[in-house]
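Below you'll find the structure, written out as structure tokens, and then a few comments.
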Amino acid sequence: MKHFSKGLFVGAVIGALTVAAPLSQAATPQDQLVVGTSLAQVLSLDPQQATEGKAVEIMSNLYDRLVASTADGKILPQLAESWKVDDKGITFTLRKANFASGNPVTSKDVVYSLARLLKMDQAAAANLKRVGYDKDNVEKLVKAVDDQTVRIDLSEQVTAELLLYRLTTTTTSVVDSVEVESHAVDNDYGNAWMRTHSAGSGPFTLNRWSPNELVILDANKDYMAGAPKMRRVIVRHVPESQVERLMLERGDIDIASALTASDLATFNDKKGFAIQRIPTGGFYVLSMNAGNKYLANPKVREAIAYGIDYKGIEKTIMGPYGRARNVPVPENFEYAIPNPDWHLDVEKSKQLLSEAGFKDGFSLSLKTIAQTPRIDLATAIQASLAQIGIKIDIQQGNGSEIIAAHRARDFDLLIPQTSAYMPNVLGSMEQFSSNPDNSKEANNAGNFVWRSAWDIPELTALTAKASMEPDAKKRGELYVQMQKMFVEQKPAVLPLFERFEPIVLSTKVEGYMGHPSQLTRLENVTKVETQ
């Protein structure tokens, strides 16, 4: 197995030593919540830049949005006290709130934040760009009516309902425009400073972030809904599952969220602990670079789809992390279609490779972030595809390396993960079915499909049509068509497993409920004295 990063092994050893030391500590303080997890993908804490899962969990507690969503998809007010929808847009009335700096939250901050998102034009902007908002029109479509009123006009590519869901994501967080602009350098919109600082109105503020070590959040005592119950939240980088398990058992952490399936199983029915298995609406994916001479061929992609032992991997590796599913829509969502008949069929895979002109097979590299469960998943895919004549060289690296390679189309195969921004077909599938401009010059690294160089104009148009359909029944019919077309085109972004986030909590922790979109809020979390 080749290492994408030569320094990874040394870093892992140092990390293991670092996290092993606290095993002799006493139980966590009563007014502090301590979480053990992997911070490998946390590359920035700027909400208009960062999109990775663990970063989203942290930022959702540093910032507020106009609106929020519950675990079951209900839209709730957050900074917006109320809103009115008409056929041309949405008018929001803001509640009285202050940023942690003491500056008041005004409509100008909302306009600034959405304009900043689209003008920075990084991956975080994709969710609004996909439906017609961009750096050139944002200040025409988003306006401050007065200090407490914001008007967002609809583009011609989205309904008001679906726009509201997009506004629940952390990328649309409202930032303190005065504070951010005071740290701007060379027209960077304060990004260099914002990557490692916070400028929000959320229940917590950022005390410290040490990459691949820890994040410390302090309670915002002046939060508009009242001070959080926890004085401090500490998120620790614990990449070794066994170390994390021991820390949880000894009381050195309150929550563990990066355990292997086997370590997690030790907490089944164990007194003093509870397990949550949070559905994300997303997937573990095998991304294939359609710019590769082999992977450009749909028959090769189909051969790979038939060359993976999904059920075997689900049973032996994924466990609580995922269930086999090759359509990018969770099977329990309304309008979800049945799974295609893709299963391990060595002879069929070999036949498809032969029909594609590659009967003797070929070699590819597979890049993955070195964290649970993706390393074991990569090894299992390597073993499966070896049976059909495709030799896989696994290259593992840290989050910044692998994510950069993905966004630069610098890979053959790569294992990313997704989540859904709303609990329906479009919320989970849109990122798999929309790629408006596949050209390299478009450099649309925020687009999941573009990264795989998979050109899908018909599916993109159908997805756009679904986004604009106001009638629920007709929209459902379009959802079914989208899924069927996706399967027929032998996708270069192949869903492997519907993704779940399993976590183990000490029963001392009360009020913690994981959010499907990783927007878990912590202001109401408490700890009881005894288990």
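Remember, predicted model here, so these are calculated numbers, not experimental data.
Side chain of S439 to main chain of A442: a donor-acceptor pair is present (N/O by atom type, distance under 3.5 Å, no hydrogens or angles). Within the 3.5 Å criterion, the main-chain N or O of E314 finds no donor-acceptor partner in the side chain of Y321. Although no hydrogens or angles enter the test, the distance criterion places a donor-acceptor pair under 3.5 Å between the side chain of R277 and the main chain of P320. Of the possible donor and acceptor atoms, none in the side chain of Q41 sits under 3.5 Å from a partner among the backbone N and O of A55. Between the T28 side chain and the V34 main chain, no donor and acceptor come within less than 3.5 Å of each other. Not a single donor-acceptor pair under 3.5 Å links the side chain of R374 to the backbone N or O of I369. When atom types are taken as modelled, the side chain of N326 and the backbone of P495 share a donor-acceptor pair closer than 3.5 angstrom. In this structure a side-chain-to-backbone donor-acceptor pair under 3.5 Å is missing from S287 to V493. Put simply, the side chain of E331 never gets that close to the backbone of E498: no donor and acceptor are under 3.5 Å apart. A donor-acceptor pair is defined here as one N or O able to donate and one able to accept, closer than 3.5 Å; no such pair exists between the side chain of R65 and the backbone of L167.
Nearest heavy-atom pair across I317 and A261 is O-CB, 3.8 Å. Residues D263 and R245 approach most closely at OD1-NE, 2.9 Å, considering heavy atoms. Pairing each heavy atom of G307 with each of S349, the nearest pair is N-OG, 3.3 Å. Across all their heavy atoms, S44 and Q49 have their closest contact at OG-OE1, 2.7 Å. Here the shortest heavy-atom pairing between L118 and Y133 reads CD2-O, 3.6 Å. The minimum heavy-atom distance linking S517 with A420 is given by the pair OG-O, 2.8 Å.
Within 6.0 Å of NZ in K270 there are more than 12 heavy atoms belonging to other residues, nucleotides or ligands.
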Problem - Residues I392, I390; criterion side chain to side chain contact (heavy atoms under 4.5 Å, CB included); working and verdict - result: CA-CA 6 Å; I392 300 296; I390 299 179; 3.8 Å; yes

Handout entry: Worked check of side chain to side chain contact (heavy atoms under 4.5 Å, CB included) between M513 and Q276
Key = CA-CA 8 Å; M513 181 56 66; Q276 291 184 14; 3.8 Å; yes

Practice task
Under the side chain to side chain donor-acceptor pair (under 3.5 Å) rule, what do N292 and N289 come out as? Steps first, then yes or no, please.
Solution key: CA-CA 6 Å; N292 176 286; N289 191 336; over 6 Å; no

Practice task
Starting from the C-alpha separation in whole Å, work towards a yes-or-no answer on side chain to side chain donor-acceptor pair (under 3.5 Å) for S38 and Q371.
Solution key: CA-CA 7 Å; S38 171; Q371 70 179 41; 3.1 Å; yes

Handout entry: Verdict with supporting geometry, E52 and R407, salt bridge (Lys or Arg N to Asp or Glu O under 4.0 Å)
Key = CA-CA 13 Å; E52 292 71 38; R407 292 176 177 174; 3.0 Å; yes

Exercise for the section: Check step by step if side chain to side chain contact (heavy atoms under 4.5 Å, CB included) holds for T460 and T463. Expected result: CA-CA 5 Å; T460 298; T463 302; 5.7 Å; no

Practice task
Begin from the C-alpha positions of E430 and R166 and carry the test salt bridge (Lys or Arg N to Asp or Glu O under 4.0 Å) through to its verdict.
Solution key: CA-CA 12 Å; E430 184 181 58; R166 292 172 197 275; 2.6 Å; yes

Exercise for the section: Start with the C-alpha gap between S400 and N398, add the side-chain angles, then the distance that decides, and say whether side chain to side chain donor-acceptor pair (under 3.5 Å) holds. Expected result: CA-CA 6 Å; S400 60; N398 61 34; 2.9 Å; yes

Exercise for the section: Report the C-alpha distance between R236 and E213 in whole Å, list the side-chain angles of each, state the deciding distance to 0.1 Å, and finish with yes or no for salt bridge (Lys or Arg N to Asp or Glu O under 4.0 Å). Expected result: CA-CA 6 Å; R236 302 198 55 189; E213 183 182 347; over 6 Å; no

Exercise for the section: Give the C-alpha distance, both sets of side-chain angles, the deciding distance and a yes or no for salt bridge (Lys or Arg N to Asp or Glu O under 4.0 Å) between R499 and E501. Expected result: CA-CA 7 Å; R499 187 171 70 85; E501 285 283 341; 2.6 Å; yes

Practice task
Report the C-alpha separation of M485 and Q489 in whole Å, then their side-chain angles, then the decisive distance to 0.1 Å, and conclude whether the side chain to side chain contact (heavy atoms under 4.5 Å, CB included) test is met.
Solution key: CA-CA 6 Å; M485 186 180 291; Q489 295 194 15; 3.4 Å; yes

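Proximity of I308 to L344: side-chain heavy atoms (C-beta onward) are nowhere separated by under 4.5 Å. Considering only heavy atoms from C-beta on, V329 comes within 4.5 Å of Q483 through its side chain. At least one side-chain heavy atom of L295 sits less than 4.5 Å from a side-chain heavy atom of L413. Contact of the K315 side chain with the I313 side chain is not registered, since no non-hydrogen atoms from C-beta on lie closer than 4.5 Å. At least one side-chain heavy atom of L353 sits under 4.5 Å from a side-chain heavy atom of F362. Counting only heavy atoms from C-beta outward, the side chains of N444 and K129 approach each other to under 4.5 Å. Between P516 and P423 there is no side-chain heavy-atom pair separated by less than 4.5 Å. Using a 4.5 Å heavy-atom cutoff, the side chains of V35 and I234 are not in contact.
We find that E477 and R475 are not joined by a salt bridge, their nearest charged nitrogen and carboxylate oxygen being 4.0 Å or further apart. No salt bridge links E302 with K348; every basic N to acidic carboxylate O contact stays at or beyond 4.0 Å. One finds a salt bridge joining D410 and K367 here, because a Lys/Arg side-chain nitrogen approaches an Asp/Glu carboxylate oxygen to under 4.0 Å.
With rounding to the nearest 0.5 angstrom, the CD atom of E347 is 11.0 Å from the CD1 atom of I388. Atoms CE and OG1, on M422 and T169 in that order, are 11.5 Å from each other to the nearest 0.5 Å. One distance of note links OG of S69 with CG of L164; it measures 11.0 Å at 0.5 Å rounding. Atom CD1 of I75 sits about 8.5 Å away from atom CD of E161, to the nearest 0.5 Å. To the nearest 0.5 Å, atoms CG (L162) and CD (E469) are separated by 10.5 Å. R301 CZ to L352 CG: the interatomic distance, rounded to the nearest 0.5 Å, is 12.5 Å.
Ring-centre distance between F411 and H406: below the 6.0 Å cut-off. Separation of the Y284 and F497 ring centroids does not fall under the 6.0 Å cut-off. Ring centers of Y165 and Y421: at least 6.0 Å apart, outside the cut-off.
A donor atom on one side chain and an acceptor atom on the other are not found under 3.5 Å apart for D309 and S384. Counted by atom type alone, S257 and T37 present one or more donor-acceptor pairs between their side chains at under 3.5 Å.
A cation-pi arrangement is found for R409 relative to W450, the charged atom lying closer than 6.0 Å to the ring centre and inside a 45° cone about the ring normal.
Tested against K299 for a side-chain contact (heavy atoms from CB on, under 4.5 Å), the candidates K490, E355, Q351 yield a single pass: E355. Exactly one residue among Q431, R325, M429, Q417 makes a side-chain contact (heavy atoms from CB on, under 4.5 Å) with F283. That residue is R325.
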